[in-house]
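Read the structure below first, then the notes.
Numbers restart at 1 for each chain; the letters A, B, ... are given by sequence-line order, proteins then strands.
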Amino acid sequence: MIRLYLKQALEAAFDDLDLPGKSLIAIELPKNKAHGDFAMNIGFRLAPELKDPPPKISADICHSLNSVDAFKNRIVFSPAAGFVNIKFSDSFIWELAQKPVSSDLAEFPSSDDKILLEYVSANPTGPLHIGHGRWAVLGSAIARLLKETNHHIDTEFYINDAGNQIKVFYDSVSALKVGESIPENGYHGSYVKDLAVLDTDPLDENIRQQKQALDRISVSFDAWFSEKTLHASGEVVTAIEVLKKKGFVFEESGAIWFRSTDFGDDKDRVLIKADGAYTYFAVDVAYHFTKIQRGYTRLINIFGADHHGYVARIRAAVLALAIDFDKSDFNFVIGQLVSLMRDGENVRMSKRTGDMISLEEVIDEIGSDAVRFFLIQKGADSHVEFDLDLAKKQSSDNPVFYIQYAHARLCSILRKVEGEAPKMGTIHLEKAERELLLSLLSVRDVVWESAKSLSPHRLAQYLMGLARSFHHFYESCPILKSEGPVLAQRLQIVIVSKEVLSYGLSLLGISAPESM
RNA sequence: GCGCCUGUAGCUCAGCUGGAUAGAGCAACGGACUUCUAAUCCGUAGGUCGUAGGUUCGACUCCUACCGGGCGCACCA
């Protein structure tokens with residue numbers, strides 16, 4: 001990772017030169033590229049301590065750093081106000097950008113954690129909607145990113161195939177089968193009618209269809225965990241026993257409660273109702289207990305915002321059950337809802353009204369890559385609006401094609417290369433080449449940050465920028481029409497660009513077409 | 001009422017641990033295809049970053065209040 005490398009190199013230099021402020025070194029990217037490739041604000045940070053004006057501090061530091069042999073002909077430091085602007089030489093950029101994905105500098109630290117990522121976990125009583133699509137795409141990208149950054153991670157879909165809703169669901173389908181009307185509190189979606197004419201188990205059929213929809217957008221799971229098995233195995237009893245043994249359980253008004261307020265929840269929660277039945281929560285506690293028992297050291301749950309009120313209690317349960325867990329070992333990603341618009345009007349997404357657009361329909365209309373990119377390019381916290389008509393109309397304008405087109409162009413060039421590769425000469429970079437290479441060599445920084453913050457949209461944004469840099473380069477720097485060392489240099493840039501682009505797209509689960 | 005999320009260009013959204021002149025795509029307008037893929041590029045226009053205070057050398061970013069939007073506040077699942 002280039003920024004990490006730069007930081008460490010600077011820290012070493014600060015040690016050698018006996019400069020103050022080593023701990024204040026922070027590498028940032030200037031918005032205005034004219035300032036430098038990277039920058040530090042150390043002059044400002046150090047001023048209170050040294051009681052010198054920031055510009056003087058920056059100037060002194062630059063002066064010292066420029067005398068370091070290791071930086072000669074590679075990095076130039078120049079002061080501006082309290083900043084230290086850092087500029088790489090062309091040859092140094094070239095050197096660094098040769099293998100941005102696979103060089104020693106690109107390595108991620110190893111990790112010995114064992115992560116379980118649970119996501120989607122939609123009710124099996126109906127088709128998935130666009131919101132599910134969002135958590136699905138988000139989760140699968142996060143899984144890919146964490147795996148890429150050396151984490152051991154498994155993914156799981158929790159199937160709520162027990163409880164009242166399942167009974168209601170079966171009753172709804174059965175009623176139609178014998179020609180009766182659906183119970184008032186039953187499921188009324190049109191898909192229920194479709195299920196009623198089939199001979200297969202409607203629940204199995206629903207799950208099959210969910211899997212199919214997810215599969216179409218490249219979302220898969222290492223495991224599908226059935227709620228039913230928890231009841232069968234007695235896991236629910238066990239989990240409650242454990243909580244009881246630890247003293248977090250009490251009885252009141254005939255019900256058995258978990259004192260979740262001990263762990264930051266705003267009210268205590270019922271585990272066993274007065275009528276003796278387990279709550280949904282109790283079963284979920286048992287489910288999370290199995291996660292801990294299966295040896296996971298870090299849990300990540302992706303919830304829709306409509307379930308965020310559930311976070312505090314389930315976190316409380318895990319903290320109560322797992323002694324060596326603290327808050328940072330249990331992460332929640334809350335995906336805000338997607339409001340689906342049609343003709344400028346909000347379309348209800350309720351399964352029970354029957355008036356909803358399924359994820360599959362959206363995929364049918366605009367395709368997997370466009371769906372994935374649309375849902376992944378925005379942060380999980382943003383409330384996105386998905387206008388079906390607009391999406392359909394603009395599907396060809398989806399930014400994902402901008403990125404894919406860049407890849408296709410690269411492939412096309414490489415297909416047309418003929419003869420032996422010319423020899424490289426002295427490196428001299430045009431503006432567009434320089435910008436592209438700088439973008440290329442920071443790919444692993446982006447992947448790392450993306451993974452660490454569980455924010456795949458950062459990678460998506462980066463790829464947009466990278467594609468833009470490539471298109472600029474393509475327009476201003478003829479490749480196959482150049483000759484000799486220039487041709488050699490540009491071909492190499494093309495090769496690396498293609499590698500990085502397809503690498504980034506694959507991490508997002510989006511295809512990198514050879515031609516378009 | 002309480003809690004979580006949110007308010008940035010006409011629209012949809014980026015803006016990384018506070019940094020230098022707030023960005024992209026789409027839409028609009030004007031240009032560039034006898035050319036390595038025009039699904040592209042160049043240019044123009046578009047903003048009191050919801051409002052008001054505060055902290056700081058410096059605030060879209062942090063704090064407080066207010067206004068607006070989404071979601072959640074079961075012995076339902």
(request) Determine whether the side chains of A/Gln165 and A/Asn160 contain a donor N or O and an acceptor N or O closer than 3.5 Å. (result) no
(request) Hunt down the Watson-Crick or G-U wobble partner of B/rA14, both distances under 3.5 Å, from any strand shown, or write none. (result) none
(message) Can you tell me the base-pairing partner of B/rU51? Count Watson-Crick or G-U wobble geometry only, both distances below 3.5 Å, and say none if there is no partner.
(response) B/rA65
Between [X] and [N], is there a contact of a side-chain N or O with OP1 or OP2 at under 4.0 Å?
X	N	value
A/Lys481	B/rC36	no
A/Tyr462	B/rG23	no
A/Ser382	B/rA14	yes
A/Arg45	B/rG19	no

(request) Looking only at side-chain atoms of A/Thr279, point me to the closest of B/rU17, B/rG72, B/rC75. (result) B/rC75
(request) Quote, to the nearest angstrom, the P distance that separates B/rA45 from B/rA22. (result) 15 Å
(request) Mind listing the closest non-hydrogen atom pair of A/Glu385 and A/Phe374 along with its distance? (result) O-CZ, 3.7 Å
(request) Considering non-hydrogen atoms only, spot the tightest contact between A/Gly43 and A/Ser58 and give its length. (result) CA-OG, 3.6 Å
(request) Have a look at A/Asn41 and say if it touches a base, only the backbone sugar-phosphate, or nothing, with a 4.0 Å heavy-atom cut-off. (result) base
(message) Once you apply a heavy-atom cut-off of 4.0 Å, does A/Tyr310 come out as touching a base, just sugar-phosphate, or nothing?
(response) base
(message) Quiz question: going by heavy-atom distance under 3.5 Å, is there a donor-acceptor pair between the base of B/rA20 and the side chain of A/Asn85?
(response) yes
(message) Between the base of B/rC5 and the side chain of A/His383, is there a donor and acceptor pair under 3.5 angstrom?
(response) yes
(message) Just the rounded figure in Å: distance from P of B/rA74 to CG of A/Asp265.
(response) 11 Å
